[in-house]
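Everything on this sheet refers to the single structure shown next.
Both ligands and their constituent atoms are indexed starting at 1 by order of listing.
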Amino acid sequence: MQAPILVTGGAGYIGSHTVRLLASQNRKIVVLDNLVYGHDQAIVDPGVELVVGDVGDRDLLRGLFERHRFGAVIHFAAFAFVGESVTDPLKYYENNTAEPVVLLQVMQEFGCKVFVFSSTCATYGVPNKVPITETNTQNPINPYGRSKLMVEQILADCDHAWGLRSACLRYFNASGSSADGLIGEDHRPETHLIPRVLMAVTGEIEFLEVFGTDYPTPDGTCIRDYIHVDDLASAHAMALDHLAEGGASVRCNLGTGVGVSVREIINAAEEITGREVPVKYGPRREGDPPMLVADPSLAKELLGWEAVHRDVRDMIRPAWLWMSGPRKGRFPANGSAS
Ligand code: UDP
């Protein structure tokens, strides 16, 4: 039998979709989540154990490793509001950088040497070339990106020092949700484009503000690479397999390689919902590079992974199902019945 896997932040958006996939592959999963941003209702498989607690809680971690003897850790737990990271950087360095150090210390103590890490295209900052390859300079422009890059560097040092093998998966714009509408994206506050476009359609917000129309792009709005959350989930499963089979540490981009503008997202949402998106055009948002698009070829070469969903309509459709279905894009408050 395979050793169990510890998934931190498994009750969050990308974590919960990954946990569902891994559970469907009959892997034994224990989720550690403090439920600050995660939702207990996002853990839908009865065989998955949810432990409520912090990644920096050494005694709790020791108890879990003692009991389960994990073969691998997937580490999602992190804060991810870029603006907040600028105003409260220490919160990000504590949660996103210092707490994983405690986790790594406990892994070392228990001889657990496989780590899959949620990294981000924010580690590149303003790219020196697009599409972005893994050889692009990593020069993050905010504490959030730096808090993640530091962990990447720590992981490389641990590989050198004690043979920790890791996969740093640099996500582009995670989007979409499970096809059955059972789980989905529920950030509070919600800052991401696709859910906000759909919130403007349902009337939950008065209008979508488009941040900047004077970028050097064909329609003047920013271009991003939207990657389906289920594709991100499959990349984690493949990274685990790669490392479990003795593969070396990898760092790779997870994107589709397709760039889509804010205007194109709005048009696709109007097509899918059959309704108009109320829009206001505003100034640029500070820190937004005009274009972030992945070259995802290394992930294919090293992990055999590539995105199945390549059209943003494939991401917007399930997001709309989640947003317009019984849950209206919201999990109930943690701890309450659905
Ligand atoms: N965006 C926008 N209005 C919003 C939210 C986002 O115009 O209410 C734009 C944002 O400027 C960026 C793109 O949509 O160009 C994607 O932003 P998001 O916050 O979803 O992800 P990010 O690329 O910042 O990680």
Report task. Indicate the atoms forming the closest heavy-atom contact of R170 with R251, along with that distance. Result -> NH2-CG, 3.5 Å

Report task. Please list, by chain and number, the protein residues whose heavy atoms come under 4.0 Å of ligand 1. Result -> N173, T191, H192, L193, R196, L208, E209, V210, F211, C222, R224, Y226, V262, R285, D288

Query raised in the report: So among F115, Y171, F117, W305, which one has a ring-ring contact (aromatic ring centres under 6.0 Å, His included) with H236?
Result: Y171

Report task. Could you label the plane-to-plane angle of the Y92 and Y144 rings as parallel, tilted or perpendicular, counting under 30° as parallel and over 60° as perpendicular? Result -> perpendicular

Requested in this report: May I ask you to check if R224 and F172 form a cation-pi contact, with NZ or CZ under 6.0 angstrom from the six-membered ring centre and within 45° of the axis?
Outcome: no

Requested in this report: Find out if a path of hydrophobic residues (ILVMFWY) with successive side-chain heavy-atom gaps under 4.5 Å connects L104 to V55.
Outcome: yes

Query - Selection residues 195-209 - residue pairs positive for side chain to side chain donor-acceptor pair (under 3.5 Å), sequence neighbours left out - result: E204-R330

